[in-house]
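Working notes, structure below.
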Number of protein chains: 2
Amino acid sequence: MIPTDTHDTGTCQRISELLSRIGDKWTLLIVRALGQGPKRFSALKRELGSISQKMLTRTLRNLERDGFVSRTVTPVTPPQVEYALTPMGLDLFCPIAALAEWTFAHADAIDAARHAYDARHPDAGYRPA
Amino acid sequence: MIPTDTHDTGTCQRISELLSRIGDKWTLLIVRALGQGPKRFSALKRELGSISQKMLTRTLRNLERDGFVSRTVTPVTPPQVEYALTPMGLDLFCPIAALAEWTFAHADAIDAARHAYDARHPDAGYRPA
DNA sequence: CAGGATCCGCGATGATACTG
DNA sequence: CAGTATCATCGCGGATCCTG
């Protein structure tokens, strides 16, 4: 049973909001890259490979706005911008790491559940109606 | 510093996938409702209020496929379908609860970071370019 | 180098109508 | 009651071109 009193609707939506941000296509990969230390824009882009410049910029902006990543501009030519995790950004990844471990530990069970479900519902290969 | 070796790109994407599911608009609210005990389709719909039938159905299907929720049909007229958390579904919400607590504890800091950012960037009220 | 501006496809979500 | 089917909308993410 899950304690409802500590999870009112408003709090729940707030958590959903954070999870949506963290769960988007690039955030985790970017944070993981920055977890190794501060990096410049093009270094991140190179490391992530397939990310578009737009999404890298947008994702970094969102992380910066929420206070998870810092952005340091050195005014020279050519420009130089370094991104780094803030203490809060680093701190967030304790609970995230716990979730990651859970995911890793249960990946097989989830796969099994999916295959079982798909076997029970042969009608038209899985499409999230 | 975040340990990179336990977070290769593939694992990271897998975690992102789970976070996306959990972080979508309705999943957490539905799971929270089911955390109080098994419930029928319309009971869930009534409790969530603003959700559409389509999204309730789809979200429940996804949760069922991943093995987090069970679906029990009693063949009578009118039909009767009960949804409940599986043991794995309940188990998942240990790490989720940890994340929830973190979010709750840092909500103010995040708000402050956002306001500070928006103040630093007055140009055209915030839009995630 | 580090973006900003623009156009586009697609999937998520929602609203409405219908059914066993 | 518990869905399915259809149509419309909206934002994500990608691709491309341009600039200080």
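Values below: all heavy atoms of this structure, side chains included; hydrogens, waters and symmetry mates excluded. Predicted, not measured: the structure shown is a model, and the values here were computed from it.
Residue pairs satisfying the salt bridge (Lys or Arg N to Asp or Glu O under 4.0 Å) criterion with at least one member in residues 99-111 of chain B, sequence neighbours excluded, are listed as follows: A:R14-B:D111.
Rounded to whole angstrom, the span from the CE atom of B:M55 across to the C1' atom of D:dA2 amounts to 17 Å. When the P atom of C:dG3 is taken as reference, atom CG of A:L60 falls 8 Å away, rounded to whole Å. Rounded to whole angstrom, the span from the CG atom of B:L56 across to the P atom of C:dT16 amounts to 18 Å. When the P atom of C:dG11 is taken as reference, atom CH2 of B:W26 falls 22 Å away, rounded to whole Å. As rounded to whole Å, 15 Å separates atom P of C:dC1 from atom CD of A:E82. D:dC12 atom P lies 14 Å from atom CD1 of A:I30, rounded to whole Å. Distance B:F41 CZ to D:dT4 P: 8 Å, rounded to the nearest Å. Per the geometry, CG belonging to B:L29 stands 12 Å off P belonging to C:dT13, to the nearest Å.
Remark: B:R40 is in phosphate contact with D:dA2, judged by side-chain N or O atoms under 4.0 Å from OP1 or OP2. Between B:R21 and C:dA12, a side-chain N or O to OP1/OP2 separation shorter than 4.0 Å is absent. Put simply, B:Y83 has no side-chain N or O that comes within less than 4.0 Å of OP1 or OP2 on D:dC1.
Without hydrogens or angle criteria, A:T86 side chain to A:S70 main chain gives no donor-acceptor distance under 3.5 Å. When atom types are taken as modelled, the side chain of A:S20 and the backbone of B:G23 share a donor-acceptor pair closer than 3.5 angstrom.
A salt bridge links A:R114 and B:E17; the closest N-O separation between the charged side-chain nitrogens and carboxylate oxygens is under 4.0 Å. One finds no salt bridge joining A:K39 and A:E82 here, because no Lys/Arg side-chain nitrogen approaches an Asp/Glu carboxylate oxygen to under 4.0 Å.
B:K25 comes within 4.0 angstrom of the backbone, heavy atoms only, and of no base. If you check every strand for non-hydrogen atoms under 4.0 Å, B:R46 touches nothing.
Considering only the side chain of A:R61, C:dG4 comes nearest among C:dC1, D:dC1, C:dG4. For A:T57, the side-chain atoms get nearest to C:dG3 when compared with the rest of D:dG3, D:dG14, C:dG3.
For the residue pair B:L99 and A:P95, the shortest heavy atom distance occurs at CD1-CB, 3.6 Å.
Transitive grouping of hydrophobic side chains (ILVMFWY, heavy atoms separated by less than 4.5 Å) brings B:Y83 and B:V73 into a common cluster.
Between A:Q53 and A:D24, the one whose closest nucleotide on DNA chain D sits nearer the 5' end is A:D24.
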Scoring nucleotides 6-11 of chain D by protein non-hydrogen atoms under 4.0 Å (B base, S sugar-phosphate only, - none) yields B-----
